[in-house]
Amino acid sequence: MEHDKRPWGQYWVLEDEKSYKVKRVEVNPQQRLSYQYHNKRSEIWTIVEGVGRVTINGEVTDYHVGEVVKIPQGAKHRIQNPKESGLCTFIEVQLGTYFGEDDIVRLQDDYSRD
């Protein structure tokens with residue numbers, strides 16, 4: 001199982017198939033992923049632990065355990081963990097034609113990544 005640590009937390013690839021990819025993503029307290037979009041995939045996130053503060057095309061909404069976020073292909077998005085302690089964990093299902101990390105177009109990043 002592929003595992004990667006990032007400045008904001010970590011993720012595990014649970015399934016990697018031709019038409020979809022599934023990840024378990026943990027966001028550390030008061031951290032957030034880059035504001036980004038994808039040209040070749042959409043994503044569906046299900047919150048399984050904590051609270052995810054999600055921005056989609058500039059609109060911010062808090063999602064709780066059991067709630068689902070749908071991110072259309074090309075939509076600008078990010079998730080952050082607004083809590084002082086505890087993880088925000090979600091299951092990410094990617095749907096599309098390509099799932100490589102090089103399909104991440106970062107618009108803003110707290111960790112100075114391109």
Side-chain angles (χ1 to χ4, degrees):
M1 180 173 6
E2 180 186 343
H3 174 244
D4 197 6
K5 291 190 175 187
R6 297 293 172 104
W8 45 260
Q10 58 188 331
Y11 70 82
W12 293 261
V13 176
L14 305 178
E15 291 191 57
D16 192 354
E17 301 295 333
K18 187 171 184 151
S19 62
Y20 68 92
K21 187 174 199 173
V22 181
K23 292 181 177 179
R24 178 180 190 268
V25 183
E26 293 180 350
V27 184
N28 293 328
Q30 299 203 310
Q31 299 297 309
R32 63 185 182 173
L33 282 67
S34 60
Y35 193 47
Q36 60 186 252
Y37 67 90
H38 310 288
N39 290 309
K40 299 181 180 179
R41 69 176 183 248
S42 62
E43 296 179 345
I44 300 169
W45 299 344
T46 302
I47 307 298
V48 296
E49 179 182 12
V51 175
R53 182 162 292 156
V54 177
T55 304
I56 301 176
N57 292 327
E59 186 174 321
V60 180
T61 306
D62 283 353
Y63 290 84
H64 300 85
V65 172
E67 295 185 317
V68 176
V69 184
K70 293 183 179 181
I71 302 160
Q73 183 175 312
K76 298 170 187 168
H77 63 281
R78 83 169 354 142
I79 187 168
Q80 72 182 79
N81 180 348
K83 298 295 187 178
E84 297 275 338
S85 65
L87 295 171
C88 167
T89 304
F90 62 98
I91 304 301
E92 174 181 285
V93 178
Q94 301 175 2
L95 301 166
T97 59
Y98 179 73
F99 308 110
E101 292 296 301
D102 57 347
D103 187 36
I104 297 172
V105 180
R106 290 189 175 96
L107 302 169
Q108 192 281 326
D109 185 66
D110 295 345
Y111 313 102
S112 300
R113 298 173 296 173
D114 291 334

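All heavy atoms count here, side chains included; hydrogens, waters and symmetry mates do not.
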State, to 0.1 Å, how close [X] and [Y] come at their nearest heavy-atom pair, and which atoms those are.
X: N39; Y: Q73; value: O-NE2, 2.8 Å
X: C88; Y: I79; value: SG-CD1, 4.0 Å
X: D62; Y: E67; value: O-OE1, 4.0 Å
X: D109; Y: S34; value: OD1-CB, 3.2 Å
X: V13; Y: M1; value: O-CG, 3.0 Å
X: K83; Y: N81; value: N-OD1, 3.0 Å

Is it possible for you to say whether [X] and [Y] belong to one hydrophobic cluster, with membership spreading through side-chain heavy-atom contacts below 4.5 Å?
X: V68; Y: V93; value: yes
X: L14; Y: Y11; value: no
X: V25; Y: V69; value: yes
X: V22; Y: F90; value: no
X: W8; Y: W45; value: yes

Can you list the steps and then say if V27 with Q80 is a side chain to side chain contact (heavy atoms under 4.5 Å, CB included)? CA-CA 7 Å; V27 184; Q80 72 182 79; 5.7 Å; no
Any Lys/Arg nitrogen of E101 or R113 sitting under 4.0 Å from an Asp/Glu carboxylate oxygen of the other?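 No, this pair does not count.
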Under 3.5 Å, is there a donor-acceptor pair between the side chain of [X] and the main chain of [Y]?
X: R78; Y: L33; answer: yes
X: N57; Y: A75; answer: no
X: Q10; Y: D4; answer: no
X: R41; Y: G100; answer: yes

What ring-ring contact (aromatic ring centres under 6.0 Å, His included) pairs are there with at least one residue in residues 15-42, not counting sequence neighbours?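 Those involving residues 15-42 are H38-H77.
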Tell me, please, which residues at least two apart from H3 pass ring-ring contact (aromatic ring centres under 6.0 Å, His included).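 So H3 forms a ring-ring contact (aromatic ring centres under 6.0 Å, His included) with W12.
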Under the 6.0 Å and 45° cation-pi test, does K40 pair with Y98?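 Yes, a cation-pi geometry.
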Return the NZ to CZ distance between K23 and F99, rounded to the nearest 0.5 Å.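 Answer rounded to 0.5 Å: 11.0 Å.
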